[in-house]
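Only a predicted model underlies this, so the values are computations on that prediction, with no experimental measurement involved.
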Amino acid sequence: MFSSRFNVGKYRGVLISVALFILLDASVLMLNFFISFQIADDAVGVNLAGRQRMLSQRIAKSLYALEGEYRMGGRFNPDTLQELTSSATLFEDTLKAFIAGGVAQGASGERVMLQAVTDVNATAALVKANQRWDDYKKSIFTLARTELGNDRGQEHLVVALKNARSHNLPILTLMNDFTVALENIATSKANRLRWIQTVGISLAIINFLFILFHFIRQLRESDAVLDAAKNETTEILNTVNEGLFLVSQDLSIGSQYSKALENIIGVKNLQGKSLLDVLAGLVSDKEAKTTTEFVALLFNPKVKEKLIGDLNPLDEVEVILRHDSGLPETRHLSFSFSRAMAGKIISHVLVSVTDISEKVMLERELNESRESTSKQVEMLSGLLHVNPILLQDFIASAYVFYGRINNVFKVSSKSNGAMQSKLDDAFVEVHNFKGNAMSLKLESFTDRATAFEDDIARLKAKADLSGDDFLSLTVYLDEMISYTQQIETLVDKMALYGAARKAPAANLEQWKPLYTLVDSVASNQGKSVELVCSGLSELGGLPDDFIRGLKTALIQLLRNSVAHGVEPSSERLGRKKAKVGRVDVRAASIAGGSIEIVVQDDGAGINYGVLRQKALASKRWSADEVEGWSRAQLASLIFYRDVSTADTLSQDAGRGVGMPAVLKWVNSLQGKIKVSSRPGLYTRFIISLPQPAAERLAA
């Protein structure tokens, strides 16, 4: 129970050895203590035995002194007689104490306890000495009781002297033997004590060596266990794919951390470094500071770890690592923090770092896939309302548009002016393409074309263009081509093409997108506009390029009419006009082999004042020239690039490139375009085009 409670199983051998060592030492000390007492008693006995020899001699000396005194004066000296009496009494008491045990007077007059002598030799000496002392002591004590001046004193003295001469020397010899016997006993005990001490010390040394050996072996075993545990820990740290390390309360990183950590965070030799310093090179200062505060909370025992888990500022963080080659690499890391307990004390915070770049990329790809699916669904829903033949025609025209844009970009241009000219040409192409997309309500194409236009406009604002500036435009172009290919694939899957080829759209059907365009632009502008077309269906049989160009021109004119011409309903009502504006498109073949296209709106007409200000602001003409211009000259400004009557730029108007594109197309066919307007009443465009040669021949 003790070992299980205190977990001392591995120290049992050492504890037993120490206990034996203490028991052995205690036993030796007790024996040493006991024998030392015996030796001390024996020393007293030896001393008193020696005194017995002295007393026997003193008794004899006193007797001879009494004899001399008596001869000299006929009487005994009282002092001598007293010395005889005291010596004999002391001898008698001491001898009895040696024989039977008892109290005797010590060398200093104290009372000492003598044990009965048991040694054979000593006992034999005592017995013999006592036998001789019995007769001897009677004569002495008889003499001692003799009164001074008593005549019988001499007789008692003679008897005592006779006994002295007979027993003194034997008693002396026996007391000497007795003393020697006691000395031998004491010597024997001293030898026994030395033997016990020698054996005890030897055993103690052996036991100490055993303890030392056992302790060293235990240390080696413990070291082996620690080494094995350390090797296992190192093996684990070298195997795991996560970055693991411990942080102390002062934010120092521990001596051991996983091998993957340095590769994950791109920092070497982390031992002893501050977590704050390491994070400073990976995340923002604010995130690093927040992280240190979060770690401080984990070291606070009053704070519940589970309650602050959501405060982890590095749950998912994007970092940029620098390789030895200097190339940057973007990674996404996830840090997790947990307390490391030593009993009930929070000793460290365990930090786990995981490279979740792949997971993030997969999530992004999944989101992109979802977005792509959503876009495809959106595209599908956007395509369902478009006539298949019109969609086919749009896709075909889109590839033509991409080809023209690509040709524009291929033109070598080194000067800034040449590059600006390339941007202008590209802008016209994109603008026309956007118009076609708007006419079919293909919003995804419209949005991409608008973004394309915005980027071209951004580049046009640059004072010093370079070839690299066109890279972003090629990216837009590639993206639009890719998107068009997706549409084409999607349409193929729907067998729209097949259906379209089997059921070509009627002539009237192909002009329906114009109505859609007018509705869309009017809706964007917050207006109500009605489109009335006539004669367009009679243009069937004309070449596709002609029809495609005419449609593009009509789109630009209609956008211009709805965005710039027709007023909002509230404004129209104020001018006593119909609430809904109107735009008429009329097409007719004219005798003599020409085609006339009229586009007229009943809007506010051309604002000549605004055009005059635009002309002055462009600084292309002097103020005197502009002031002298007629309305026809001012109206012609709408065909100049970058001149627009719109106050603000919008998705539908304000670029200043739509009308120049119309003029360019009309001129390419050697046609004419005429514009007339009356403020507050209308604006009219009349386009006269020679009928295509093939058509004329057919007619």
Side-chain angles (χ1 to χ4, degrees), residues 222-361:
S222 298
D223 290 343
V225 171
L226 290 175
D227 290 341
K230 184 178 180 180
N231 291 335
E232 290 178 359
T233 302
T234 302
E235 186 175 353
I236 292 173
L237 292 177
N238 289 339
T239 304
V240 297
N241 295 324
E242 296 180 350
L244 299 175
F245 61 96
L246 292 171
V247 176
S248 60
Q249 194 162 6
D250 62 354
L251 299 180
S252 296
I253 297 176
S255 59
Q256 286 192 303
Y257 51 84
S258 64
K259 185 178 181 180
L261 178 62
E262 293 183 348
N263 183 45
I264 291 176
I265 66 175
V267 181
K268 306 293 184 184
N269 302 322
L270 293 165
Q271 178 181 353
K273 287 187 176 179
S274 171
L275 176 63
L276 183 60
D277 294 339
V278 174
L279 292 178
L282 297 174
V283 299
S284 66
D285 293 342
K286 181 179 180 181
E287 289 175 322
K289 182 180 179 182
T290 305
T291 302
T292 58
E293 293 173 350
F294 178 68
V295 173
L297 286 177
L298 288 174
F299 275 105
N300 187 349
K302 297 181 181 179
V303 177
K304 299 294 183 183
E305 185 176 5
K306 293 183 179 178
L307 297 180
I308 62 174
D310 295 337
L311 301 179
N312 179 7
L314 301 180
D315 183 50
E316 181 176 331
V317 60
E318 181 178 299
V319 301
I320 298 177
L321 306 181
R322 289 285 180 182
H323 293 284
D324 296 337
S325 61
L327 296 177
E329 180 187 6
T330 301
R331 287 185 183 177
H332 295 269
L333 305 180
S334 175
F335 289 73
S336 64
F337 302 85
S338 58
R339 287 170 173 166
M341 306 297 293
K344 295 183 179 180
I345 305 299
I346 304 172
S347 62
H348 294 84
V349 168
L350 175 63
V351 184
S352 173
V353 188
T354 307
D355 187 349
I356 58 172
S357 301
E358 186 175 352
K359 172 189 171 187
V360 172
M361 295 305 296

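- How far CG of N263 is from CZ of R331: 5.0 Å, rounded to the nearest 0.5 Å.
- Sorted by first and then second residue, the ring-ring contact (aromatic ring centres under 6.0 Å, His included) pairs with a member in residues 276-308 read F294-F337; sequence neighbours excluded.
- The two residues V240 and L244 come nearest to each other via the heavy atoms CG2-CD1, 4.1 Å.
- Residue M341 comes nearest to S347 through the heavy atom pair C-OG, 4.1 Å, listed as atom of the first residue, atom of the second, then distance.
- Taken to the nearest 0.5 Å, the CG atom of L276 stands 12.0 Å off from the CG atom of D250.
- Contact detail for E287 and T291: the closest heavy-atom pair is O-OG1, 2.7 Å.
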Donor-acceptor contacts, no H, no angles, side chain residues 311-319, under 3.5 Å, sequence neighbours left out:
unit_1, atom_1, unit_2, atom_2, d
N312, OD1, L314, N, 2.9
N312, ND2, F335, O, 2.6

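- Expressed to the nearest 0.5 Å, how far CZ of F245 lies from CG of L261 amounts to 6.0 Å.
- With a 6.0 Å radius and a threshold of 12 heavy atoms from other residues, nucleotides or ligands, D285 has its CG atom at or below the threshold.
- Across every non-hydrogen atom of I346 and R339, the tightest pair is CD1-NE, 3.6 Å.
- Evaluation of the side-chain hydrogen bond (donor to acceptor under 3.5 Å, both in side chains) rule for S336 yields no partner, not counting sequence neighbours.
- In this structure, K273 places its NZ atom where more than 12 heavy-atom neighbours from other residues, nucleotides or ligands lie under 6.0 Å away.
- A donor-acceptor pair is defined here as one N or O able to donate and one able to accept, closer than 3.5 Å; such a pair exists between the side chain of T239 and the backbone of E235.
- Residue A260 comes nearest to E242 through the heavy atom pair CB-O, 3.8 Å, listed as atom of the first residue, atom of the second, then distance.
- To the nearest 0.5 Å, atoms CD1 (I356) and CG (L333) are separated by 7.5 Å.
- Other residues, nucleotides and ligands contribute only 12 or fewer heavy atoms inside 6.0 Å of the CD1 atom of I345.
- The shortest distance between side-chain heavy atoms of H332 and K359 does not fall below 4.5 Å.
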Original post:
Can L298 and I308 be said to form a side-chain contact (heavy atoms from CB on, under 4.5 Å), step by step?
Top reply: CA-CA 8 Å; L298 288 174; I308 62 174; 3.6 Å; yes

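- The closest side-chain heavy-atom distance from L237 to K259 is not below 4.5 Å.
- E262 places a side-chain N or O within 3.5 Å of a backbone atom of N269 that can act as its donor or acceptor partner.
- Here the CD1 atom belonging to I265 is positioned 8.5 Å from the OH atom belonging to Y257, to the nearest 0.5 angstrom.
- For the residue pair I264 and G243, the shortest heavy atom distance occurs at CD1-N, 3.6 Å.
- Within 6.0 Å of CG in N238 there are more than 12 heavy atoms belonging to other residues, nucleotides or ligands.
- Around atom CG of D223, more than 12 heavy atoms belonging to other residues, nucleotides or ligands sit under 6.0 Å away.
- L282 contributes atom CG, which lies 6.5 Å from atom CG of L321 (distance to the nearest 0.5 angstrom).
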